[in-house]
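Because only heavy atoms are used, hydrogens play no part in the values below, and waters and symmetry mates are left out as well, while side chains stay in. Each chain gets a letter, A, B and so on, in the order the sequences are listed, and its residues count up from 1. Predicted, not measured: the structure shown is a model, and the values here were computed from it.
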Protein chains: 2
Amino acid sequence: MAATRSTGRRERLRAETTAEIKLTALDLMRSGGPDAITLRAIAREMGMTANAIYGYFATRDDLVTALIADVYTALADAVDTAWADSARRAPAERITAWAHAFRDWALTNPEGFRLIYGDPVPGYQAPAGGPAPDAARRVCVGIAALADAARAGTEPAPDESGFTWDDFDPGLLHKVRPAFPDLPPAGVALALRIWGHLHGLITLEVYGHLRAQTFAPDKLFRSELDQLVRTLNLGR
Amino acid sequence: MAATRSTGRRERLRAETTAEIKLTALDLMRSGGPDAITLRAIAREMGMTANAIYGYFATRDDLVTALIADVYTALADAVDTAWADSARRAPAERITAWAHAFRDWALTNPEGFRLIYGDPVPGYQAPAGGPAPDAARRVCVGIAALADAARAGTEPAPDESGFTWDDFDPGLLHKVRPAFPDLPPAGVALALRIWGHLHGLITLEVYGHLRAQTFAPDKLFRSELDQLVRTLNLGR
DNA sequence: GCGAAAACTATACGGCGTGAAGTTTCTGAA
DNA sequence: TTCAGAAACTTCACGCCGTATAGTTTTCGC
């Protein structure tokens, strides 16, 4: 017990420093973009030496990986919350709420969005399996929920899509199928396609490509959602 | 005349070196990703000093901007060619051809795609107006052509979208409206939405997010196009 | 109180973009 | 043909970066 308490103190300090490093990194990212995440800048900000950080993260990439996981989790939390908060509403409204939560998070945290989905940081190599597969799957499952909610409002179309379970990552299916037992393979495909739709519009907007063409990206996004709801046969 | 010939020679050498710099940079990008584009590496490859490049590009960002313009032009050429080559086919097939050309180019040149649409290079700041607004608009016009081809196959739906010409960049409209005089504002919005759909799926695929979830991204893309053709009322 | 482990610093290396100054090469006119 | 000047290019320097190695200080468990 005494030993536990002692190591507990060390571990607590360690955890605090680890958290401070990540927080400082996120601060730097917010003010200077993902490129501003440098070990030396973090150390400078914290009044340490750059090498001290190596006691907490083996390499800069490890730190970035941890940041991606954290930020991705925050995104997943945001959309999950929107979904849960709209539990009593109609599917069309829930889908709209989910999608708006997704876009709002991205526009509020553009640097975080770029960290997750773009080239995070100069020379960064994502570790095998991706840095935040769990959060990524949470987002996918969220979209599967959209697809499932839609399916509930329409007759089960004959599955002529040609998709089978073998087309999808087992890790994803492991999360999706128990949650939505009636969702067919084509439903998962639909979910991924919807993901692509939203991701594309948001990415173009976050990276400034959309704003070069239209002054009303929000109107465009709403229009997209209207069309989505209509496509899913949820009525307007 | 003599003077012209002389300056002509200097200018020719200069143009050749400029081209060699860009070519070397693209080579480095292809083999090592956008991050590999460094002045020193280019110079090393060319047997010069890094500072010699400053005689041709004022900063590294200027070089990157020129590269983006070139690569974006290559992309625009690729999709324009696909569109032109399918001139005698049905709209549904043309749209499919265009979209496949877009995706094929992206998958064949993932580094170029990331250069255009991602964070091009550490610390790169795009100049005002974007590096390749012309190529970007060419791509947008291409998608407007898709939307216009679709519109031709369907009755003009009452425009309840709420879009007006004021919602769009004049530079874009300047190219789109003369080419497609009957396309309403909602048609431009549709074009941008389609752009978003394709861009999203392709981006997720190029950045590896999609492959983490499905083994059949191509099937997914075809499914997306089927749905697009159906949505546009172009028949199967 | 002490030995060990953990946390942290100092120094160094090579790579990066880029500024300033110096050198070579080419050119167009006297 | 020679020569001033411009253009092309090199050298050196600075301050960034990640990170490896070695040394120092602080802290903890006994």
For A:D61, enumerate each residue passing the salt bridge (Lys or Arg N to Asp or Glu O under 4.0 Å) test, keeping only those at least two apart in sequence or located in another chain.
none
Between atom OH in A:Y124 and atom C1' in D:dC17, what is the gap in whole Å?
18 Å
Please table the atom pairs, donor to acceptor, closer than 3.5 Å between any side-chain atom in residues 27-34 of chain A and protein atoms at least two apart or in another chain.
residue: A:D27; atom: OD1; partner: A:R30; partner atom: NH1; Å: 3.2
residue: A:S31; atom: OG; partner: A:D27; partner atom: O; Å: 3.2
residue: A:S31; atom: OG; partner: A:L28; partner atom: O; Å: 3.2

A:Y72 side chain reached by A:V139 side chain, heavy atoms, under 4.5 Å
yes
How long is the line joining CE of B:M46 and C1' of D:dT10, in whole Å?
15 Å
What's the separation between atom CD1 in A:I116 and atom CD1 in A:I68, rounded to the nearest 0.5 Å?
8.0 Å
Rounded interatomic separation in angstrom, taking CG from B:L13 and C1' from D:dA6:
15 Å
Could you identify which residues of residues 19-32 of chain A place a heavy atom less than 4.0 Å from some atom of DNA chain C, listed by residue number, or say none?
none
If I compare all heavy atoms of A:A82 with all of A:A101, which pair ends up nearest, and what's the gap?
CB-CB, 3.4 Å
Pairs involving residues 187-202 of chain A, ordered by first then second residue, that meet salt bridge (Lys or Arg N to Asp or Glu O under 4.0 Å) (sequence neighbours left out)
A:R193-B:E224
Mind calculating the distance between CD1 (A:I53) and P (C:dT9) to the nearest angstrom?
10 Å
Spacing between B:E11 atom CD and D:dA8 atom C1', to the nearest angstrom:
15 Å
Once each nucleotide of nucleotides 15-20 of chain C is scored for protein heavy atoms under 4.0 Å, what B/S/- sequence comes out, 5' to 3'?
-BBBBB
Using atom CZ of B:F57 as one end and atom C1' of D:dC9 as the other, report the distance to the nearest whole Å.
16 Å
Using a distance-only test with no angle check, is there a side-chain donor-acceptor pair under 3.5 angstrom linking A:Y124 and A:T65?
yes
d(CE, B:M48; P, D:dA8) in whole Å
10 Å
Can you give the donor-acceptor pairs under 3.5 Å from side chains of residues 206-222 of chain B to other protein atoms, not counting sequence neighbours?
residue: B:Y207; atom: OH; partner: A:D119; partner atom: OD2; Å: 3.3
residue: B:R211; atom: NH2; partner: B:E205; partner atom: OE2; Å: 3.1
residue: B:T214; atom: OG1; partner: A:D167; partner atom: O; Å: 2.7
residue: B:T214; atom: OG1; partner: B:A216; partner atom: N; Å: 3.0
residue: B:K219; atom: NZ; partner: A:G162; partner atom: O; Å: 3.1
residue: B:K219; atom: NZ; partner: A:D167; partner atom: OD1; Å: 3.3
residue: B:K219; atom: NZ; partner: A:D167; partner atom: OD2; Å: 2.8

Taking all heavy atoms of B:L39 and all of B:I53, pick out the closest pair and write down the distance.
O-CD1, 3.4 Å
Length of the line joining A:D35:CG and D:dG18:P, which is rounded to integer Å
11 Å
